[in-house]
Each structure stands twice: as C-alpha cells, then as structure tokens.
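Take a look at the structure below.
Chain letters run A, B, ... following the sequence lines, proteins first and then strands; every chain starts at 1. Quick note: numbers below take in every heavy atom, side chains included, and nothing from hydrogens, waters or symmetry partners. Keep in mind that what you see is a predicted model, and the values were worked out from it rather than measured.
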There are 2 protein chains.
Amino acid sequence: MEQIKSTSLASEAFDRVVEAITSGEFEPGQKISEAHLARQLGISRGPIREALHRLEGRLVSRVPRIGVRVIQFGEEELRQLFYLREAMEGMAARLAAENASDKWLRSLEAMLQRHSSEIEGAGKRVYRQRTSDEDFHFSIAQASKCENIERLLLNEVYYQLRIHRLRSSRQPGRADKALKEHFEIVEQLKQRNPDGAEEAMRAHIRAARESSLAML
Amino acid sequence: MEQIKSTSLASEAFDRVVEAITSGEFEPGQKISEAHLARQLGISRGPIREALHRLEGRLVSRVPRIGVRVIQFGEEELRQLFYLREAMEGMAARLAAENASDKWLRSLEAMLQRHSSEIEGAGKRVYRQRTSDEDFHFSIAQASKCENIERLLLNEVYYQLRIHRLRSSRQPGRADKALKEHFEIVEQLKQRNPDGAEEAMRAHIRAARESSLAML
DNA sequence: ACTTGCAAAACTGTCAACAGTTGACGAAAT
DNA sequence: ATTTCGTCAACTGTTGACAGTTTTGCAAGT
C-alpha cells in the first residue's frame with residue numbers, strides 16, 4: 001500500500017517559490033508581490049502568505065507593510081553562512097562517527113566512488129538542483145541522527161548555499177580537492193573517530209569557504 | 001530619531017503564544033485550536049495561523065488537517081538540543097574571541113560579577129523569563145557578529161530550552177559550577193584565544209547537558 | 001533641471017464566510 | 001459486550017472582500 005499524499009496549496013506554493021529562488025528565476029533583491037504571485041499560480045493570497053512566511057529569514061526578507069524580497073547575498077553573509085555550516089556539519093560528522101551503522105558507511109563510500117568517476121568525465125557542468133556535494137553532506141547530516149541539525153541544515157543552510165552556487169563559478173581544481181577531503185572524512189568516520197571526523201569536516205568546509213570567497 | 005513601531009496582530013499573537021508556551025500556560029502535547037485561540041485573543045484566524053506557522057518545528061508541531069500541538073520534550077530531544085547548542089555556541093565563542101571589542105568584554109565581565117553576587121543571595125528562585133544564564137550566552141552570540149547564529153540560537157534553541165528549564169529542577173551546586181565555567185570562558189575571550197574560547201564554551205555546554213540529563 | 005504636492009493604483013494586513021475533513025458520540029446490529 | 005455505521009459538531013484549508021498604507025506617475029511651482 002502506498003501513502004495518499006494530499007498536499008496543501010500552501011506547501012505547493014512553498015516548493016514553487018523555493019524552486020524559483022534557488023533556480024535563479026527570482027533574482028536576489030527582487031520584490032515578490034503576494035497578489036501578483038497568487039494570480040500567477042492561480043490561487044488566493046492565503047496560501048501564498050503562508051509560504052512566504054515560512055521562508056522568512058531563510059530565502060526572503062520581510063519588511064512590515066512593504067513586502068518580501070529575495071535575500072541579498074554579500075561576501076559577509078556568505079562568510080557567516082560558512083561559519084554556521086562549519087559548526088553544524090562539524091557536529092554532524094562527530095555524531096555520525098559515533099552513531100552510524102556499518103551499512104551506511106559502506107553506502108557512503110560507494111557514493112564517493114560514483115562521484116569520483118563523475119569527475120573523470122568532467123565536461124558536464126550541467127546545472128542540477130542537488131549536487132553530488134550536497135548529497136554527500138546531507139547524508140552525513142542524516143546519519144548524525146540529530147533531527148535539529150538535519151532540519152536546520154536543510155532549511156537554513158543548503159537553500160542559501162544554492163543561491164550562491166548558482167551565481168558563482170568554482171575554482172579550477174576545487175572539485176578534485178573537495179573529493180579528496182570527502183575521502184578523508186569517510187576515513188575518519190570508518191575509524192569511528194569523532195574528533196577526527198569533526199576536524200576533517202571542519203577543515204573541508206573552511207577550505208570550501210576560502211575557495212568560494214576567493215572567487216568573489 | 002526614534003523608530004515608529006507599528007506592530008501587527010500576527011506579531012502580537014506570535015509573542016503571546018511564545019509566552020504562553022515558555023511560561024507553561026500551554027502544556028507540552030496540548031492541542032492549540034486556531035479558532036479557539038482566535039476567539040480568546042479577540043482577533044480573526046488569519047494572524048493566528050501566521051503566528052503558529054512561524055513556530056512550526058520550533059515550539060509546536062503540525063499535522064496537516066489535524067492541527068498544531070505544543071512540542072513534546074523527551075530525553076533524546078533534549079540531548080539533541082544540547083548537541084546543536086554545543087556546535088553553535090562553540091562557534092559563537094570562537095567568533096567572539098576574534099571580533100569582540102574590549103568595551104564589550106568589560107561589560108560581559110561586569111555582568112558575571114552581578115551574577116556572582118546574585119548567587120550569594122541565593123534564596124530567590126523566582127521565575128524569570130530570561131535567566132542570567134541566558135543573558136550571558138545570548139550576549140556572546142551577539143558578539144559573534146554572526147546574524148545566522150544569533151537568530152537560530154534565539155529562535156530555535158533558547159525557546160526550546162526554556163520549556164525544559166520550566167519543568168525540571170537543577171542539580172544542587174550546578175549554578176556555582178556554571179558560574180565558574182562562565183568565568184573560564186570570559187578568560188579565554190580576554191586572551192583572544194579562539195580555540196580556547198570555543199573549547200571552554202563547549203565544555204560548559206557538555207557539563208550543562210550532563211547535569212540536565214541527570215535530573216530526568 | 002529639480003523639488004513639491006497630489007491623486008490614482010497597487011499592495012499588505014485583516015476579516016468573515018464557505019467547503020471539505022476529522023474525531024466523537026450514540027444507535028443499531030451482531 | 002463488542003463492533004459497525006451514520007450523524008454531527010468542531011476544525012482546518014481556502015477564498016474573496018474591505019480598510020488603510022505605500023508606491024507611482026504626473027502636474028505645478030521654484
């Protein structure tokens with residue numbers, strides 16, 4: 001038997017707006033009008049309001065009586081996002097090292113092997129909503145068995161990161177280095193070394209931060 | 001010049017619900033009816049819906065077509081909350097050690113001196129919405145100059161922590177130990193030692209975690 | 001050219017009402 | 001006594017309308 005999904009208009013609208021923002025359809029700083037968006041999606045303003053409120057502070061900023069805008073993303077905001085990421089993903093790696101099952105560890109390693117061969121045939125710089133990198137990091141967040149961290153990474157960090165990724169090129173050779181760092185993280189996880197796993201993850205994210213900031 | 005405050009009914013309702021939950025007026029697990037709450041506050045359901053949605057995942061959990069309930073708080077949830085707290089506040093302390101002004105450091109130390117004398121006259125276990133402990137920790141979050149961390153600590157962590165604090169007694173002598181740990185954190189901040197500050201903060205929160213869990 | 005004042009349009013905050021769903025209660029059937 | 005079924009009240013999701021505010025476009029004045 002399969003679950004019946006009766007999704008609400010508000011959730012639908014939420015997904016659409018996230019998609020529109022993280023895919024670049026809505027520019028950073030652009031104003032989003034409730035009424036206009038409601039007409040565009042063919043529903044009333046209620047569900048739209050709900051969706052936009054759920055995004056407040058994450059992907060849009062709101063000014064009372066004025067409206068909501070897609071968040072702007074400067075160097076400082078990006079740096080701070082990486083600080084938050086370092087803290088949370090570092091802890092996630094630590095917890096994963098303590099909690100993860102052997103089965104999961106093997107599947108994570110298999111994922112890295114796939115990514116490894118993807119990089120070989122490296123021509124394809126096609127856009128994909130969820131990158132290999134995000135899959136790896138999110139998998140570790142899940143393995144931490146800490147719902148708070150998992151939820152916040154998903155809702156706060158990764159959404160914002162996609163906006164940035166969309167508008168900036170990556171340093172040449174960064175993918176290779178990142179993959180090596182991923183392998184180092186897996187190695188620490190396999191050794192069930194919480195300190196090592198956390199430090200490897202944090203070093204990886206610091207490196208990603210410096211690389212991203214260097215491209216601005 | 002002073003800012004004109006034009007607070008909306010939704011924000012008002014939001015504050016009221018937070019107050020009701022963190023003060024214990026609404027029990028954990030209790031269902032909150034939009035219609036009932038709207039009648040109670042004398043406004044329509046729109047602003048209420050908005051307020052409850054902003055609390056989703058933080059202080060209330062929502063089931064589609066059923067309604068919202070005040071979150072339940074078990075041992076595991078509490079442990080995970082402390083993991084998140086350790087990660088974020090550790091990073092906050094690190095950033096504070098790097099960024100904070102000397103003026104702020106002196107005011108933080110003065111705050112600790114006040115807390116110190118408060119504990120002397122320790123009879124007053126009166127309930128206060130914001131405890132001395134929370135003031136100390138939030139001040140460091142502000143000094144980190146990282147808006148993400150500040151916002152998430154406020155909206156995600158401290159609210160939930162208040163629910164727990166309300167319903168559990170503290171270990172005898174914990175206040176004294178906590179104060180000593182606070183002084184250690186300040187010491188590391190004064191020395192502008194990021195590693196030391198982060199580790200002191202994390203050790204402090206681990207100790208608070210163990211103490212809290214021991215009381216269940 | 002630049003500001004000032006004003007009127008119209010557009011938009012947000014709020015409300016009241018409607019439709020469909022859920023959960024509870026009690027009657028009927030086994 | 002227990003289960004099944006149908007009814008009903010309460011509630012959530014959604015809508016359209018109203019009021020007040022902000023923005024915009026334009027005209028008049030400096």
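Comparing C:dT22, D:dC11, C:dC15 against the side chain of B:Ala35 picks out D:dC11 as the nearest. Of the candidate nucleotides D:dT15, C:dC15, D:dG13, C:dC15 has the atom lying nearest to any side-chain atom of B:Ser44. Here the nucleotide nearest the side chain of B:Pro47, chosen from D:dT22, C:dT14, D:dT14, is C:dT14.
Distance CZ/B:Phe82 to CD1/B:Ile205: 8.0 Å, rounded to 0.5 Å.
A cation-pi contact, defined as under 6.0 Å to the ring centre and within 45° of the axis, is absent between B:Arg58 and B:Tyr159.
In this structure, A:Gly46 reaches the bases: a heavy-atom distance under 4.0 Å links it to at least one base atom across the strands shown. Contacts of B:Ile32 with the nucleic acid, taken as non-hydrogen atoms under 4.0 Å apart, involve only primed sugar atoms and P, OP1 or OP2.
B:His36 places its NE2 atom 12 Å from the C1' atom of D:dA10, with the value rounded to the nearest Å. Spacing between atom CG of B:Leu37 and atom P of D:dT12 amounts to 10 Å, rounded to whole angstrom units. We find that CD of A:Glu50 is positioned 14 Å from C1' of D:dT15, with the value rounded to whole Å. Between the C1' atom of D:dG16 and the CD1 atom of A:Ile43 lies a distance of 14 Å, rounded to the nearest Å. Between the CZ atom of A:Arg49 and the C1' atom of C:dC15 there is a distance of 12 Å, given to the nearest Å. What separates CG of B:Leu41 from C1' of C:dC15 is a distance of 15 Å, to the nearest Å. A:Glu34 places its CD atom 14 Å from the P atom of D:dT15, with the value rounded to the nearest Å. For the pair B:Arg45 CZ and D:dT14 C1', the computed distance is 9 Å after rounding to whole Å.
Taking 4.0 angstrom as the limit, A:Arg65 places none of its side-chain polar atoms (N or O) nearer than this to OP1 or OP2 of C:dG13. For the OP1/OP2 pair of C:dC11 and a distance below 4.0 Å, the side-chain nitrogens and oxygens of A:Arg39 include at least one atom meeting the criterion. At D:dT24, none of the side-chain N or O atoms of A:Lys31 fall inside 4.0 Å of OP1 or OP2 (strictly under the cut-off). Put simply, B:Ser33 has a side-chain N or O that comes within less than 4.0 Å of OP1 or OP2 on D:dC11.
Under the 3.5 Å distance criterion, with hydrogens and angles disregarded, a donor-acceptor pair is assigned to the side chains of A:Asp133 and A:His182. No donor-acceptor contact under 3.5 angstrom links the side chains of A:Gln160 and A:Glu156, judged on distance only.
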Test side-chain contact (heavy atoms from CB on, under 4.5 Å) applied to A:Ser11 and A:Arg54, step by step: CA-CA 10 Å; A:Ser11 300; A:Arg54 269 159 59 180; 4.1 Å; yes
